[in-house]
Amino acid sequence: MSLLDVENLRVTFPVDGGPDVRAVDGVDIAVEPGEIHGLVGESGSGKSVTARSVMRLLDGAVVEADRFDYRGEDLYAKSEAEMRTIRGDDIGMVFQDSMSALNPVMTVGEQIAEVVRHHGDVDESAGLLSELRRKYVTGTSETAPSWRRAVELLETVGIADPADVATTYPHQLSGGQRQRVMIAQALGGDPSLIIADEPTTALDVTVEAGILDELRRLCDEMDVSILLITHDLGVVAETCDSVTVMYSGSVMERASTEQLFQHPAHPYTKGLLRSVPEGGATDGELTTIPGSAPEPTERPDGCPFRDRCPAAFEACADPLPEHVVDAGHATRCHLYTERDDPGEVAWDADADIDAGVTAVTDDSGEPSPTEVTDG
Ligand code: SF4
C-alpha cells in the first residue's frame, strides 16, 4: 500500500465574474514508504497546488479526486480537527521561503520545541496557558524534554553548535541554516511524510547540495518519505527515487528516477532533459523548449503541450491516453498509442512555434514538417 495514493486529482479555483481556473487536472500521485518522490515541472505546472492539496491548505479551492488516501484513509473525509493533528504529527512541511515561514520574534529552538510539544512524543503540558507563558514570559526551560528534543533535532539536521543555535532568532541565521531549522521543525512530530516545496531554490549550489544530502540521509536513516517539489531535474537526479513530471496541471510522465533519465518517453521530459547541463543531453547540445506554458484558462484541447511540441500531430487534440512504457514507468502521449514507433523528438530551438509549424519525426527517423492545428 502506498503511503500517499492520489488518483485523478482536480483542483479548481472559482473566479468572481470570470471563468473558473482549473489549476490541476487529473493528476495521479503515489508516494511509497521510505522513498523520495520528486514532483517536477515549470512554475505554473500545478506541482505546488498538488502538494498543498495533501495538507488541505488550499483556501477557496474546490478539490476533487477519485481517491485521496494517506495510510489507506481518505484525507478529505477527515474533520478539520483531525487534519490539524495530521499536519505536524503525520505530515510535515518545509517551505521555500524560510524567512516568512519562521516566526521572526521567537527563537528557532522555541519554534521547534512548540511543534514537539504539540505533535511529538514528549510528556509535557501543551495547554494554552502553559504555551502562552512559555512563548511570551519564560521561554521553554532548557531542561524541558521538548527543548532537549529541539536541540537534538537541530543536531540531526546537521546544525553545528545546536544548543547555541537553538537560542538564536531566524534573522541571525544563514539561508541554509534556516532551511535546516525548518526541516528540524517538520521532524518535530516524527512524521511519516515530509512535503518539501522547493526547499533549496534560494540557496547557492554548495548549500543546496548539503540540504539535499540531509534529506536523502533522513529518508534512509529515519524512514521518512519525502514529496519533493522542484523545477530542477538536477535536484531530482541527485535526490529522488521516483518522479512525476507535470506540465500545465497534468501529469506527463511517471517513472523511477533511473528510468526517467535513462529512457525518457515524453517529448516534454526529453525537452527538459536537454536543458540540464549534465546527464540529460544526448548529443552535447543544450536547448530550451521554445514558447511558454499556456495559461490555465487558455489550454488547448487534448495535450496541453501541443503548441510547443515538435512531434505534435492531429491526434494530439484528443484527450490524452496513458501508456505504460515499463513496470513503474508510464507516459501520457498520443505518439505511443497512435504510431507504431514514437521515434525521436526533433528539437529545434528556432522552431516557428507561434505559427504552429513544427517538425515531427516519422517512422523512418527523418524529421518531416507537419502542421499543428489550433484549438
Ligand atoms: Fe502531446 Fe502530441 Fe506532443 Fe505527445 S506528441 S507530447 S500528445 S503534443
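Note that the structure is predicted; figures quoted are calculated from it, not measured. Whatever order the structure lists them in is the order used to number ligands and atoms, beginning at 1.
Within the 3.5 Å criterion, the main-chain N or O of Pro321 finds no donor-acceptor partner in the side chain of His334. Within the 3.5 Å criterion, the main-chain N or O of Asn8 finds a donor-acceptor partner in the side chain of Arg10. A distance-only check finds a donor-acceptor pair linking the side chain of Glu82 to the backbone of Ser79 [under 3.5 Å].
Geometrically, Arg339 engages Phe313 in a cation-pi contact, judged by NZ or CZ lying under 6.0 Å from the ring centre and within 45° of the ring axis.
Each of the atoms 6 (S) of ligand 1 lies under 4.0 Å from some heavy atom of Pro267. Those atoms of ligand 1 that come under 4.0 Å of a heavy atom in Leu335, given as number and element, are 5 (S). For ligand 1 and Cys316, the ligand atoms under 4.0 Å from any heavy atom of the residue are 2 (Fe), 5 (S), 7 (S), 8 (S). Applying the 4.0 Å criterion to heavy atoms of Cys309 picks out, from ligand 1, the atoms 3 (Fe), 5 (S), 6 (S), 8 (S). Listed by atom number, the atoms of ligand 1 under 4.0 Å from His266 heavy atoms are 6 (S).
Contact annotation: Cys303 places an N, O or S atom under 2.8 Å from atom 1 (Fe) of ligand 1. The distance from atom 2 (Fe) of ligand 1 to the nearest N/O/S atom of His334 is not under 2.8 Å. For atom 3 (Fe) of ligand 1, the set of nearby N, O or S atoms under 2.8 Å includes none belonging to Cys333.
The shortest heavy-atom contact between Tyr70 and Ser192 is OH-CB, 3.3 Å.
Contact check for Arg56 versus Lys78: side-chain heavy atoms found under the 4.5 Å cut-off.
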